[in-house]
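Here's the structure we're looking at; comments come further down.
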Protein chains: 2
Amino acid sequence: MDRRELLKLDNQLCFAFYACSKEMMKLYRPLLSEFGLTYTQYITLLALWEKDGITVKELGSRLFLDSGTLTPLLKKLEAAGLITRNRDKSDERNVIIELTEQGRKLQQQVEEVPFNLYGKTQVSIEDITSLREQIAKFMRKMGTK
Amino acid sequence: MDRRELLKLDNQLCFAFYACSKEMMKLYRPLLSEFGLTYTQYITLLALWEKDGITVKELGSRLFLDSGTLTPLLKKLEAAGLITRNRDKSDERNVIIELTEQGRKLQQQVEEVPFNLYGKTQVSIEDITSLREQIAKFMRKMGTK
DNA sequence: GCCTAATAAATTGCATACAATTAAATTACA
DNA sequence: TGTAATTTAATTGTATGCAATTTATTAGGC
């Protein structure tokens, strides 16, 4: 493939990531709105269900988001009664995010979502795993993780 | 891999797309800002350099964006003197987007960007092509294209 | 101990995204 | 032919994203 060809939209890898990411989120949206969640709020909870009681900083490095995005998002999750935000007593610079009982309970209700999403498609678990691993390898090669 | 394991953030394919897309755009940002462009503006121009004189509708289906996003973005490109926006005389519902002379000239200046971006990494053309094709296949299987 | 550097969140400003609605134009069809 | 349905952009409202700045707190060097 020559240079000119590589510049076409359909040959650009970044655009493939961009488009696919958005289309996937579009499929998630109706399933998550059942629980009053956006996709970003959902992955924030996924991170907390794996490891609770972490700082905004740690959450941000996990989700590739900064405080400019997370602070208002976390305030919404707090207002919804799913998490608490408290300054770390031993270092007042840190804000510790913790799940509430309601936030923990939501996990069981939401855990079917990805299975429901893929269930209606031609995509197999092997497809998912293989592609995910290749993206991880790519990100390492790009020096972005 | 069991169900519980699949729900972890690092095993979620959608999150891989989301994170990788954002990290790639972060690498593009400094290269594009040299030309006063954002990533979304850049792919809009990529689409127009391939096919000029198309409607907002067609541009949107190409970029997976709707008029809510495109209208203000196209107004900015128009204000920057890169495109024109005109109602189609034969069907006044359509708005035709056309590159200006300046918009066409920009192509030569910007065409090095992806090569500069990948040039500093461990990623080969073969890596890019292979991954891009797999994403395209995945999107077809998801029924999203 | 004091002052400077470094760190973590929050805030501000700008640019997307997208659902839902509105407005204008065209099409379909009774 | 006249009107309802459809189509295309634009608008409105809400939710990210992120760079740059600000504020508060802590760490480090002397």
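These figures come from a predicted structure and were not determined experimentally. Order of the sequence lines sets the chain letters (A, B, ...), proteins ahead of strands, with each chain counted from 1.
- Ring centroids of F138(A) and F17(A) are separated by less than 6.0 Å, placing the two rings close together.
- Looking at heavy-atom distances under 4.0 Å, N94(A) makes contact with sugar-phosphate atoms alone, never a base.
- Mapping G68(B) and K57(A) onto DNA chain C by nearest heavy atom places K57(A) at the nucleotide closer to the 5' end.
- Contact annotation: R85(A) does not reach the phosphate of dA9(C) (side-chain N/O to OP1 or OP2, under 4.0 Å).
- Contact annotation for T40(B): backbone-only contact, meaning every heavy-atom pair under 4.0 Å involves sugar-phosphate atoms and none involves a base.
- Counting distance only, with no hydrogens placed and no angle test, the side-chain atoms of T71(B) and the base atoms of dA9(D) include no donor-acceptor pair under 3.5 Å.
- Residues I83(B) and L48(B) have side chains in contact (heavy-atom distance under 4.5 Å, counting atoms from C-beta outward).
- Dashed line: the shortest gap from a side-chain N or O of Y39(A) to OP1 or OP2 of dA17(C) is not under 4.0 Å.
- Remark: R87(B) is not in phosphate contact with dA9(D), judged by side-chain N or O atoms under 4.0 Å from OP1 or OP2.
- Listed nucleotides: dA10(C), dG17(D), dA10(D). Nearest to the side chain of L65(A): dG17(D).
- Spacing between atom OH of Y28(B) and atom P of dA19(D) amounts to 17 Å, rounded to whole angstrom units.
- Ionic pairing of R3(A) and E112(B) is present here: one or more N-O contacts between side-chain nitrogen and carboxylate oxygen are shorter than 4.0 angstrom.
- Using a 4.0 Å cut-off between charged side-chain N and carboxylate O, K8(A) and D10(A) make no salt bridge.
- Between I96(A) and T55(A), the closest side-chain pair of non-hydrogen atoms falls below 4.5 Å.
- Listed pair T69(A) / dA15(D) fails the phosphate criterion, with no side-chain N or O lying under 4.0 Å from OP1 or OP2.
- Residue contacts shown for L70(B) are absent, as no nucleic acid heavy atom lies under 4.0 Å away.
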If a protein heavy atom is under 4.0 Å from the base, mark B; if only from the sugar-phosphate, S; if neither, -; do that for nucleotides 21-29 of chain D going 5' to 3'.
-> ----BS---
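- Few gaps surround NZ on K22(A); more than 12 heavy atoms of other groups in view lie less than 6.0 Å from it.
- Considering only the side chain of K26(B), dA19(D) comes nearest among dA10(D), dA17(C), dA19(D).
- A donor N or O paired with an acceptor N or O is not found under 3.5 Å between the base of dA8(C) and the side-chain atoms of S67(A).
- Atom-to-atom, CG of D66(B) to C1' of dA10(D) comes out at 11 Å; the value is rounded to the nearest Å.
- Not counting sequence neighbours, the partners of Y28(B) by the ring pair (Phe, Tyr, Trp, His ring centres under 6.0 Å) test are Y39(B), Y42(B).
- Among the protein residues, T38(A) comes within range of the sugar-phosphate backbone only, with heavy atoms under 4.0 Å from sugar or phosphate atoms but none that close to a base.
- Both K22(B) and K75(B) sit near DNA chain D, but only K75(B) has its closest nucleotide nearer the 5' end.
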